[in-house]
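The block underneath contains the structure these notes are about, expressed in structure tokens.
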Number of protein chains: 4
Amino acid sequence: MVRAGVVGATGYAGEELIGLLLKHPQVKITSISAKIDQPRDIAKIFPKFKNRIDLICAGPDIKEISAKCDVVFLALPHTVSMQMVPKLLKAGKKVIDLSADYRLKNIKVYARFYKAAHKDKKNLKKAVYGLPELYRNVIKNAALIANPGCYPTAAILALAPAVACDLVKLDSIIIDAKSGVSGAGRKASSELMFTEINEDFKAYKVNMHQHAPEIDQILSKLAVEKLKVTFVPHLLPLNRGILETIYLKKNNGSKNRTQDFTALYKKFYKKEPFIRIKEEGQYPCLKDVVNNNFCDIGIKEDKEGLIIIAAIDNLLKGASGQAVQNMNIMYKFPEQLGLI
Amino acid sequence: MVRAGVVGATGYAGEELIGLLLKHPQVKITSISAKIDQPRDIAKIFPKFKNRIDLICAGPDIKEISAKCDVVFLALPHTVSMQMVPKLLKAGKKVIDLSADYRLKNIKVYARFYKAAHKDKKNLKKAVYGLPELYRNVIKNAALIANPGCYPTAAILALAPAVACDLVKLDSIIIDAKSGVSGAGRKASSELMFTEINEDFKAYKVNMHQHAPEIDQILSKLAVEKLKVTFVPHLLPLNRGILETIYLKKNNGSKNRTQDFTALYKKFYKKEPFIRIKEEGQYPCLKDVVNNNFCDIGIKEDKEGLIIIAAIDNLLKGASGQAVQNMNIMYKFPEQLGLI
Amino acid sequence: MVRAGVVGATGYAGEELIGLLLKHPQVKITSISAKIDQPRDIAKIFPKFKNRIDLICAGPDIKEISAKCDVVFLALPHTVSMQMVPKLLKAGKKVIDLSADYRLKNIKVYARFYKAAHKDKKNLKKAVYGLPELYRNVIKNAALIANPGCYPTAAILALAPAVACDLVKLDSIIIDAKSGVSGAGRKASSELMFTEINEDFKAYKVNMHQHAPEIDQILSKLAVEKLKVTFVPHLLPLNRGILETIYLKKNNGSKNRTQDFTALYKKFYKKEPFIRIKEEGQYPCLKDVVNNNFCDIGIKEDKEGLIIIAAIDNLLKGASGQAVQNMNIMYKFPEQLGLI
Amino acid sequence: MVRAGVVGATGYAGEELIGLLLKHPQVKITSISAKIDQPRDIAKIFPKFKNRIDLICAGPDIKEISAKCDVVFLALPHTVSMQMVPKLLKAGKKVIDLSADYRLKNIKVYARFYKAAHKDKKNLKKAVYGLPELYRNVIKNAALIANPGCYPTAAILALAPAVACDLVKLDSIIIDAKSGVSGAGRKASSELMFTEINEDFKAYKVNMHQHAPEIDQILSKLAVEKLKVTFVPHLLPLNRGILETIYLKKNNGSKNRTQDFTALYKKFYKKEPFIRIKEEGQYPCLKDVVNNNFCDIGIKEDKEGLIIIAAIDNLLKGASGQAVQNMNIMYKFPEQLGLI
């Protein structure tokens, strides 16, 4: 049994991780911690876990965590993760970091979007971007996983085949993204009150969201050319799920060929356990991916352009599910173990 | 034109008052204030009012309010109202207080449920409980209205005919109440976040809610006998509306007579512009009363007992709509003016 | 008092019309009809109107409607309207048609998107597209108004200034539209059940919705050049409201000029009572426009492109509110009468 | 591996059963059927199951089902189940029936509430009421399980200890029940449309719901005395979950003793894997039981009365989860297998 620790257990990603790990046949949760006033039974914090787990959630103590765990999941705010990662790696632990701290390779971009200087350049270099569909082979042997952001997971999976195969105009990509409210994290803010969100819908951080450079970074690598997407996130009045509607132009090579893209995508992802390409004329919806680890993708192809729609559960494939998928790869477990 | 001021404009009841008064043909809003960091255009605070009102919302200044207004609506937290009321009354203003400060005549009960000593016993005595269906005649000439709580409005209207006509066992009244989230007010609390409330439902303050003694007080007066209801409120995952399902036993006089209560209620309320009694076998639902000032009541009568269901919009008949109804009475306007 | 009839009263637009006309100081509703099994008190169909209106809703009888009404609102499915319009016009009535029957001037396009041949080409030519911000002067004297579709209202208002001033690449317009469920009309379909929609989100009719040619038609006229938008509608899990996020490229003339567009839009719409342009960096949200007749528009300008976001209430500015606005214009009433 | 069949796979309970059985380590789904126009891949009907199951859903064929299955789950409407049960039992299959057909032992009561004559009195006698907390020992060896209704599951679990220990006035029980919309089943009805339910709340079948006699039957047996509860169900605008607030009077024996009931309940249920009794002052909420098989119970005790609140997921502990729990018992599997 792998001994796993969850740091940042009181947030949505942490809560979700506990639920997933409790069901995982090869894992035993041995440590739960969070920024917390005083130690408290995790089943008191989340009564839904009562009778299922018997652990105290206390402030994180690196020594204790290192002694008790083989792998540590960090479900922390950015800037907090990079304070803990060096110590955990030094202690020989495998670390799966769900924060943004090790995703952006360019520390200037990190500083601009996260308003903080990076403090751990050494490990930043070694960190592997934990998107199994693109980086499975390096994930296998990584000590530190930068678990992808929720929006980037859907966007990159939706765009990777077209971009990697050089079929699109790189300056034409527009991502209209919609996310459920759990994506904003568990924090008491007047803007996230029930009565503010319910029956409302709006865009936010219009073309200036911190997930855009993460998408740019990975897609640029695939394209072997720098690109910049237009990215507008919106807030849906529902708990979980991300759906992104992506508009782009084919490049001259692929123009005028139609009905190839669905086939191309099926081929590109044919061995992937968690990617499902919709038949032509069919499109994803949130309810098919919520509470599971799948990413559903549907494609509408016109002469000149493409519309690609992708959907995931922001807390599963977009966070904790993908983190467990990464762990499965690191430990050579079947990739779907505990996730289906 | 009556010159009206709204104090506490940034809360839900205040926002609703502004909307109602803007539509009222006999009222001009002349002052808007609230506890606020710095003065701000009310249309900046509530963009939905842009192009409809051009007033600055600043911290409340009694002198200025007194100079500008004939009637002042206080949409303030309890304990704050009773600091302002004496000054406004002294300045000769009419005051409609939407807080709980002047509802409970017994200051010990007030202290127990609101955790504060009462500071204005003098005016407490003079305050008129602003439920027009029971107290229209005293409201007409009142200077200070204690606008009823949202739960009590529905409960008292649902029970008044049966209790006043001495047809029920006074110790048998059980009120199972359900309210939309705006009833909790506009405050950033982790318990009221969208993701906590959405798709959830629960009871709270089980038989210890501060609105219970308000119901007891008014019904006891009607019964000319002290009574105490069982009262359990629940939180509905929706923005507005209260529905109360009330269980009670008939007393010996009314037992075994059936199909009288619907007729009795229709007669009791026959001149009321805002009370609608459902036909037998029909029951209220929120969507018929939300965004209007009606209270719908339906009755199921068995041999021994009654089930009475009442519904209102907690922000209208349960707060700001009733406040405007009271103002209409005080100024001898048609009671429905601006409310339909 | 204008005597108004509502045909198709049982749908969402019809219900909304009744509510609006009941509040309108210059209108008396004199006839209510709908496809219905047998005549029924409209307050039985919509209990929320009880005590507010006392009319029977029966199957529509043109003679009776003509005798009782000066203006007739048709809130009917497409193809049904065009069977009634000729008779009503012949009887000298003013007609405001909320269906799609008189919106598309090209009957081939109508046939393709609505799967029916047009039956009233004569009146189609005379019909005026009822978007007051563009066609106020012709609306004034029109006998037949084709009230715009909900999606087109938001899209055209959002794009008109930029397109009319020749500042955009006409082949670059992408409209990512999101609508509340009332936009789908009141019909029992398994896809519109609560449990199917709630906590779900999805695109539908991807780039093949019948409102796209309506947008194309009006914008092409403004541009004096044929254009075709990309249009993808999505279904939001909420009752009412449309928000459209629109992506487009500036043309060479306007490229590299920034911060002009917000000013341009403010100027273009400066006399409009129902258009509000957001300050730079501010964007519309549904809750500011739901239950009122405003259209809010916000603009994000980059070097090469624009992102324009527009929001309306689909049942008000997107249907019944706009219909009443048109009636106000036709009768020379103040344009906001009964709408604010 | 147990070979399991699901009949009525297209409803909510059937869908849920498929999801549960797919995760169950000792079960293989071998047959899926439903009333359906033509055979169809179940993953086409429910795209969320794509890549997880590869079976055709066709109309139910008893012979084929009997050949392929050891245990058959019937998620059928009442009256349909009793046409299939005799044949399946004759073929030696174990049957878990989720309909109401085998729950009520009194066929007159069945006829009154379900508007149909019972057609299988023979097996009705043998059917075991599948509430494991009360009937585990008979479930073990049963061939036919009448899986309890959703409301009765919560009500009986909430009341069993108090009633069985003779601590309450049997004529005092009032159950105010609230259910999510999936409880109404998957059928296109105008009353269950999104826009009708969303932001609405109402009671229905006030004290005349068909689940009341089921509660009466089981509690009467426990009390060894006939009793009749007052039962008012309400419809919550959310997908899943039932919460019942139950009011009752203690009998003379238990009156004036306080703080005993929470302890009593903990003792009564101490070996139960799926019952959780809340500490004093704590009450259940839906979100703790949704998507799991627990029943949470909280108790408020006064001198004379009790308020008991119970919550379950109507599709799990209230239907398919309980069905799998029953199957686990019948096959001597650990009772929580596949359910946690």
Side-chain angles (χ1 to χ4, degrees), chain B residues 171-180 191 195-208 228 230-249 281-291 296 298-302 304-309 311, chain D residues 171-180 191 195-208 228 230-249 281-291 296 298-302 304-309 311:
Chain B
D171 64 351
S172 75
I173 302 171
I174 291 168
I175 302 169
D176 191 280
K178 302 90 173 173
S179 173
E191 295 187 349
T195 31
E196 298 303 308
I197 299 284
N198 185 42
E199 297 295 289
D200 193 18
F201 179 72
K202 64 181 164 205
Y204 67 101
K205 295 192 184 177
V206 176
N207 215 14
M208 45 188 285
K228 208 168 159 342
T230 295
F231 180 75
V232 180
H234 301 72
L235 196 55
L236 286 168
L238 51 82
N239 283 353
R240 45 203 292 168
I242 281 177
L243 189 139
E244 301 183 5
T245 310
I246 303 175
Y247 304 87
L248 64 169
K249 299 275 175 218
Q282 304 289 320
Y283 304 96
C285 61
L286 287 190
K287 72 166 188 270
D288 287 341
V289 297
V290 161
N291 288 327
D296 283 359
I299 303 163
K300 167 90 176 182
E301 191 177 351
D302 288 325
E304 309 234 327
L306 291 177
I307 300 169
I308 306 176
I309 302 180
Chain D
D171 64 350
S172 74
I173 302 172
I174 292 168
I175 301 170
D176 191 281
K178 300 91 174 173
S179 173
E191 294 187 351
T195 31
E196 297 304 308
I197 299 284
N198 185 43
E199 297 294 289
D200 193 18
F201 179 72
K202 65 182 164 203
Y204 67 102
K205 294 191 184 177
V206 176
N207 214 14
M208 46 189 284
K228 208 169 160 341
T230 295
F231 179 76
V232 180
H234 302 72
L235 196 55
L236 285 168
L238 50 83
N239 283 353
R240 44 202 295 167
I242 280 177
L243 188 138
E244 301 182 3
T245 310
I246 303 175
Y247 304 87
L248 64 169
K249 300 273 175 220
Q282 304 290 321
Y283 303 96
C285 60
L286 288 191
K287 72 166 189 269
D288 287 341
V289 298
V290 161
N291 289 327
D296 283 359
I299 303 163
K300 166 91 175 181
E301 192 176 351
D302 288 324
E304 308 233 328
L306 290 178
I307 301 168
I308 306 176
I309 303 179

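So that the names make sense, note that chain A is the first sequence line, chain B the second, and so on, each numbered from 1.
Ranked by heavy-atom pairs under 4.5 Å with chain D, the list I309(B), L235(B), N239(B) is led by N239(B). Of all the listed residues (Y204(B), Y283(B), F201(B)), the one sharing the greatest number of non-hydrogen pairs under 4.5 Å with chain D is F201(B). Listed options T230(B), L238(B), N198(B) were ranked by heavy-atom pairs under 4.5 angstrom with chain D; first place goes to L238(B).
Between D176(D) and K178(B) the shortest side-chain heavy-atom distance falls below 4.5 Å.
Here the straight-line distance linking atom CD1 of I174(B) with atom CD1 of I174(D) works out to 4.0 Å at 0.5 Å rounding. The OH atom of Y247(D) lies 8.0 Å from the CG atom of N207(B); values are rounded to the nearest 0.5 Å.
Every residue meeting the salt bridge (charged side-chain N to carboxylate O under 4.0 Å, His left out) condition with K287(D), not counting sequence neighbours, appears here in chain and number order: E196(B), D200(B). For E199(B), there are no salt bridge (charged side-chain N to carboxylate O under 4.0 Å, His left out) partners two or more places apart in sequence or in a different chain.
Using a 4.5 Å cut-off between heavy atoms, P237(B) touches chain D through backbone and side chain atoms alike.
The pair K249(D)-D171(B) fails the salt-bridge criterion, with no side-chain N (NZ, NE, NH1 or NH2) lying under 4.0 Å from an Asp/Glu carboxylate O.
In plain terms, the two heavy atoms of K202(B) and L243(D) that are nearest each other are CA-CD1, 4.1 Å.
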